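Sharing a structure, written as structure tokens. Questions coming.
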There are 2 protein chains.
Amino acid sequence: MPFTAAEENYIKTIFQLQLVEGMVSTNSVASTLETSAASVTDMLKKLKLKKLLVYEKYKGFKLNNEGKKAALSIIRKHRLWETFLVNILHFKWDEVHEVAEQLEHIQSNQLIDHLDNFLGNPQFDPHGDPIPDATGKMPVMTQINLTKFPLHIVGEVCSVGSQSSDMLSLLSHKQIEIGSTISVEQFFAFDESIDVKINNTLMVNISAKLAQHLYVKKLNYAS
Amino acid sequence: MPFTAAEENYIKTIFQLQLVEGMVSTNSVASTLETSAASVTDMLKKLKLKKLLVYEKYKGFKLNNEGKKAALSIIRKHRLWETFLVNILHFKWDEVHEVAEQLEHIQSNQLIDHLDNFLGNPQFDPHGDPIPDATGKMPVMTQINLTKFPLHIVGEVCSVGSQSSDMLSLLSHKQIEIGSTISVEQFFAFDESIDVKINNTLMVNISAKLAQHLYVKKLNYAS
DNA sequence: TTAAAATTTTAGATTTGTCTAAAAATATTT
DNA sequence: AAATATTTTTAGACAAATCTAAAATTTTAA
Ligand SMILES: [Mn+2]
Ligand SMILES: [Mn+2]
Ligand SMILES: [Mn+2]
Ligand SMILES: [Mn+2]
């Protein structure tokens with residue numbers, strides 16, 4: 001029942017890929033984890049043996065309920081630790097990912113429950129991603145990718161699709177943060193870039209690639 | 001330069017044994033880590049190759065300066081995490097050891113420095129053991145084993161030589177804690193047990209075995 | 001609808017950390 | 001000083017996680 005750190009990294013990656021892809025491919029896992037396709041196949045056999053996923057040779061694979069449950073527990077730990085690092089130890093939000101990658105593998109339910117409680121049972125992590133509770137439930141976010149966000153509607157930046165330093169420093173340069181209000185003002189078909197207004201004042205241009213990694217939600221409340 | 005968790009566990013164990021034994025034996029490490037003597041020999045070769053210890057076949061071994069430095073860094077992490085678990089997450093002092101055994105292997109200097117700072121740069125962990133600073137220095141304790149403590153002198157319980165649940169629950173039963181004042185009032189040669197006075201009031205009998213695991217320091221300050 | 005390209009799996013190694021059983025060295029007793 | 005016991009090391013094996021290179025399968029393109 002307890003998993004190794006390597007198994008947990010695969011489980012988490014497959015979970016996140018299947019949210020987007022449905023069925024997951026060997027190569028997508030390999031490139032996400034920066035490992036070889038052969039290693040992925042090796043691990044798939046182990047995870048299948050442990051009854052965490054549905055897998056037929058050459059046909060792709062996806063986590064079953066047991067596997068999803070395991071993934072949510074790892075994601076819960078990862079996001080709670082990130083919250084701890086930023087809120088309590090005053091890390092910057094682009095400095096926490098690597099350490100959380102390690103901390104998520106610490107085995108102790110008591111630890112994670114006490115941590116959750118100490119942090120005040122936070123609902124979202126510093127990147128705006130929802131934190132599953134002990135049973136695996138997460139708040140729904142109805143977040144939309146910025147590329148699909150309607151024009152001239154004010155939303156709030158609530159999540160970033162990548163934690164690469166390159167991306168985070170670009171965001172920082174453009175003065176975009178989690179919680180910034182944002183509205184798409186113009187679309188340029190040529191390069192699919194967009195002009196957005198940040199916090200109702202600053203106007204900046206955002207590349208298609210960057211937009212693909214920004215998630216926003218509509219502001220339902222006053223303003 | 002970074003060590004694996006297994007290497008770190010050996011380094012820490014050898015350090016602690018050589019404080020008492022001077023030269024360390026294969027079997028003492030094996031029984032402390034609950035592993036086979038053969039595994040210890042295997043690891044000794046690796047640690048020698050990494051120039052962390054002085055080792056000649058069949059002759060015993062001990063950490064050199066480089067090895068001691070590594071050990072102190074691991075001990076620093078272990079004791080800071082224990083302090084976090086007890087002071088911040090409200091674990092009991094006899095519940096923290098297993099989790100700290102895992103947390104001590106997280107690789108991030110930034111993390112441990114921020115944690116130290118957040119905890120207020122504590123000098124002692126919840127078991128009364130000194131916490132090395134970032135350079136490896138620890139406060140000297142001049143603690144004495146209770147079996148060697150002079151009669152009728154008031155001291156303070158500052159460390160326990162074991163973290164076994166059995167021992168900690170026995171201490172709890174006798175209402176002895178870290179920080180309790182203690183004085184040895186009578187020695188019984190027959191079973192080498194002693195009567196001690198706790199916090200200047202309660203008189204209890206302590207077995208030779210228990211006394212061997214209790215460390216006290218003289219109270220130099222008023223009272 | 002074959003041929004070429006891409007993807008995936010297998011075969012065979014390697015590293016780390018562990019084990020048991022046997023051999024070697026050291027320590028203790030007659 | 002032998003014989004015996006203990007400790008330590010070596011030899012050989014195994015599981016986990018990884019790799020490269022080759023084979024198998026599926027997909028795409030001619
Ligand atoms: Mn991880
Ligand atoms: Mn996050
Ligand atoms: Mn440990
Ligand atoms: Mn301690």
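Computed from a prediction, not measured in an experiment: that's the story for all the values here. Numbers restart at 1 for each chain; the letters A, B, ... are given by sequence-line order, proteins then strands.
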**Prompt:** Roughly, in whole Å, what's the span from NE2 in A:H105 to C1' in D:dA17?
**Reply:** 14 Å
**Asked** Looking only at heavy atoms, which two atoms of A:D129 and A:S159 are closest? And how far apart?
**Response** OD1-OG, 2.9 Å
**Prompt:** What is the distance, rounded to the nearest whole Å, between atom CG of B:L44 and atom C1' of D:dT7?
**Reply:** 13 Å
**Asked** Nearest-Å distance, CD1 (A:I11) to P (D:dA17)?
**Response** 11 Å
**Prompt:** Any side-chain donor-acceptor pair under 3.5 Å between B:S164 and B:D166?
**Reply:** no
**Message:** If I take atom CG in residue B:N27 and atom P in nucleotide D:dT6, what distance separates them, rounded to the nearest angstrom?
**Reply:** 12 Å
**Message:** Taking the minimum atom-to-atom distance to the side chain of B:T35, which one of C:dT9, C:dT18, C:dG17 wins?
**Reply:** C:dT18
**Request:** Taking only the side-chain heavy atoms of A:K46 (C-beta and beyond), determine which of D:dT10, D:dA16, C:dT9 contains the nearest atom.
**Result:** D:dA16
**Request:** Please state whether the rings of A:F84 and B:F118 are parallel, tilted or perpendicular, taking 30° and 60° as the class boundaries.
**Result:** perpendicular
**Request:** Would you please indicate yes or no on a ring centroid separation below 6.0 angstrom for B:F15 and B:Y10?
**Result:** no
**Message:** Side chain of A:M43, heavy atoms from C-beta onward: which of D:dT9, D:dA17, C:dT7 has the nearest atom to it?
**Reply:** D:dA17
**Prompt:** So, A:S25 and A:N27: side-chain donor and acceptor under 3.5 Å apart, yes or no?
**Reply:** no
**Message:** Need one value for B:Y55: base, sugar-phosphate or nothing, where a base atom within 4.0 Å counts as base even if backbone is also close, heavy atoms only.
**Reply:** sugar-phosphate
**Asked** B:L47 CG to C:dG17 C1': how many Å, rounded?
**Response** 12 Å
**Prompt:** Closer than 4.0 Å, any side-chain N/O of A:S39 to the OP1 or OP2 of D:dT18?
**Reply:** no
**Item:** Minimum-distance nucleotide (side-chain atoms of A:Y58 versus D:dT10, D:dT25, D:dT9)
**Value:** D:dT25
**Prompt:** Where the side chain of A:S36 is defined as all heavy atoms beyond and including C-beta, which of D:dC19, C:dC19, C:dT7 is the nearest nucleotide?
**Reply:** D:dC19
**Asked** At under 4.0 Å between heavy atoms, what does B:T26 touch on the DNA or RNA strands: base, sugar-phosphate, or nothing?
**Response** sugar-phosphate
**Item:** Spacing of A:F3 atom CZ relative to D:dA17 atom P, expressed in whole Å
**Value:** 12 Å
**Message:** Need one value for B:Y10: base, sugar-phosphate or nothing, where a base atom within 4.0 Å counts as base even if backbone is also close, heavy atoms only.
**Reply:** sugar-phosphate
**Prompt:** D:dA16 C1' sits how many Å from A:K45 NZ, rounded?
**Reply:** 14 Å
**Asked** Are OP1 or OP2 of C:dT26 and a side-chain N or O of B:K59 less than 4.0 angstrom apart?
**Response** yes
**Asked** Rounding to a whole Å, what distance do you find between A:K57:NZ and D:dA24:P?
**Response** 11 Å
**Asked** Base, sugar-phosphate, or nothing: which does B:A38 touch, judged by heavy atoms less than 4.0 Å apart?
**Response** base
**Among D:dA17, C:dT16, C:dT8, the nucleotide that comes nearest once only the side chain of A:S25 is considered** = C:dT8
**Prompt:** Does NZ or CZ of B:K77 lie under 6.0 Å from the centre of the six-membered ring of B:F3, at an angle within 45° of the ring axis?
**Reply:** no
**Message:** With nearest nucleotide decided by heavy atoms, which residue, B:E56 or A:D42, maps closer to the 5′ end of DNA chain D?
**Reply:** B:E56
